[in-house]
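The structure appears right after this line, and notes come after that.
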Amino acid sequence: PGLESKCKKDECRFKLESFLSKISYVSGDYSSLETYEKLGRSIENIESGRCPEAGRIFYLSTPPDLCSQIVSLLGASGLVSENYEGMPWRHVVIEKPFGHDLESAQKLDRELRSVLKERQIYRIDHYLGKETVQNILMLRFANRIFEPVWSHEHIDNVQITVAESVGVGHRAGYYEQSGQLRDMFQNHMLEMLSLVAMEMPVSFEADSVRNEKAKLLQSIRPFPIKDLSSYIVRGQYAAADGLAGYTEEKGVAKDSQTETFVAARLFIDNWRWKGVPFYLRSGKRMGRKVSEIAVTFKKIPHSIFSPIRAEDLSPNVLVMNVQPDEGLSLTIQAKQPGPKLCMGSLTMDFKYKSILEEEEFPEAYERLLLDCMLGDQTLFIRNDTIERAWTLLTPVLEAWKQNPALCPLHKYPAGSWGPDAVHALPWMEKHVWRELNI
Ligand code: BG6
């Protein structure tokens, strides 16, 4: 019905009807080989009628612990067998989470590879399909003006925020096992960080891009476990303004210690980023839905505009708005019109909506599914980056479990910007979080 109401025009209605007429389904038990054989017969029926050499995508949006079993039965039933040249192709899309720690991710990978070749595996992170996330690479590497200033020489700090106004909703079963670090940090947040901070790849080929992402993740300084609370703050939303607290949500344990908010201060130990703090925060039930990457440049070293001192001038800030107001903005200092010398901040704002109609705005999944059909893995995750992300975060998860006092779970009011303790993280470097309440 949602699609239908969007499809008001005749042409669109025709496309929708034609699309829907091609859909059929086979129901069965995940764990029974018979289901896969039935599915195989059904696919063959479709293919023999229309397209005998068709490629196939198997999209696993299933509970994570069933993934290996399903792939193993897809293998046993011959559904994912390709000939030696990989034609007709058989691709398997796998939704996160890829394991729940380093060990389980490695095990999952061994199991997947015992059935599939790497070129058949499409580990999906829908953030990589978002227009603005893809634009990070274009902005950095298709423009001359950013690369020379993209380092510790000119950048003061980088902040990545992914805030959601929704709570856990009806996903408590999954989320209680996962929490925000696994649900958002291990994947979306670290993927965005790698795109912002990685070196220039040799080409825009899948492996060149993914090699650089893996190198970047490898350069992130491990969190010092003994001093964890100076680097990571975790929180859980509490009831406020008529909104339920996390532990009152359906399916959540009353004494749940699952975090719904995480903020981190991290450093990248390489030449480019020496000493530049990266602040990452992500949470549920926050002030509003907003995802953005803000790059704050250093202040000018000297001001000729006496009596205005260099330290009194606001720094340049480049903001990549990932959602909901997709776009880019750059804040600069400029003279305010008038006879006097008055300086003020001016923001140059580009919004995708100014060049695209709402319905033209591509959905992340559309782009990723198309890439999967075309056999382009650039925007899909390779296993080594997953393992590097887990190498960084597994010690944190273990510390939270074994010694919770090291990094206490702070409550924050639903609808706020996280626990008070979060302000201490940037303040250690005399920074503050960006104000996002606008
Ligand atoms: C998913 C997480 O990967 O991303 C969800 O599992 C989260 O918990 C969602 O709500 C956010 O995606 P988006 O595109 O709405 O920012």
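Counting convention: from 1, in listed order, for ligands and their atoms alike.
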Using a strict 4.0 Å cut-off to heavy atoms of Lys96, name the atoms of ligand 1 that fall inside it. 1 (C), 2 (C), 3 (O), 6 (O)
Among protein heavy atoms, which sits nearest to atom 10 (O) of ligand 1, and what does the distance come to when rounded to 0.1 Å? Glu164 OE1, 2.6 Å
Should the heavy atoms of other residues, nucleotides or ligands under 6.0 Å from CD of Gln69 be counted, would the total exceed 12? yes
Below 4.0 angstrom from a heavy atom of Lys130, which ligand 1 atoms are there? Numbered from 1 as shown, please. 13 (P), 14 (O), 16 (O)
Please state which protein non-hydrogen atom is closest to atom 1 (C) of ligand 1 and give its distance, to 0.1 Å? His188 NE2, 3.6 Å
Using 30° and 60° as the class limits, which term best fits the ring planes of Trp89 and His91: parallel, tilted or perpendicular? parallel
Any chance you could lay out the ring-ring contact (aromatic ring centres under 6.0 Å, His included) test for Phe278 and Phe267, step after step, and finish with the verdict? CA-CA 6 Å; Phe278 285 74; Phe267 292 90; 8.4 Å; no
Under 4.0 Å to a heavy atom of Arg171 - the qualifying atoms of ligand 1, by number: 2 (C), 5 (C), 6 (O), 8 (O)
For Asn143, does the CG atom have more than 12 heavy-atom neighbours from other residues, nucleotides or ligands under 6.0 Å away? yes
Side chain, backbone, both or neither: the part of Tyr175 lying under 4.0 Å from ligand 1 by heavy atom: neither
Note: Arg90-Glu82 ion pair, threshold 4.0 Å (strictly below): no
Show the numbers, then the answer: is there a salt bridge (Lys or Arg N to Asp or Glu O under 4.0 Å) between Arg210 and Glu205? CA-CA 9 Å; Arg210 301 194 300 179; Glu205 295 293 309; over 6 Å; no
Which protein non-hydrogen atom lies closest to atom 12 (O) of ligand 1, naming both residue and atom, and how far is it? His126 NE2, 3.1 Å
Contact atoms of ligand 1, heavy-atom distance to Lys284 under 4.0 Å: 5 (C), 7 (C), 8 (O), 10 (O)
Flag side-chain contact, heavy atom, 4.5 Å: Glu95 against His126: no
Just to confirm my output: which protein heavy-atom neighbour is closest to atom 15 (O) of ligand 1, and how far is it? Lys289 NZ, 2.7 Å
Note the single closest protein heavy atom to atom 6 (O) of ligand 1, along with its residue, its atom name and the distance in Å. Asp183 OD1, 2.6 Å
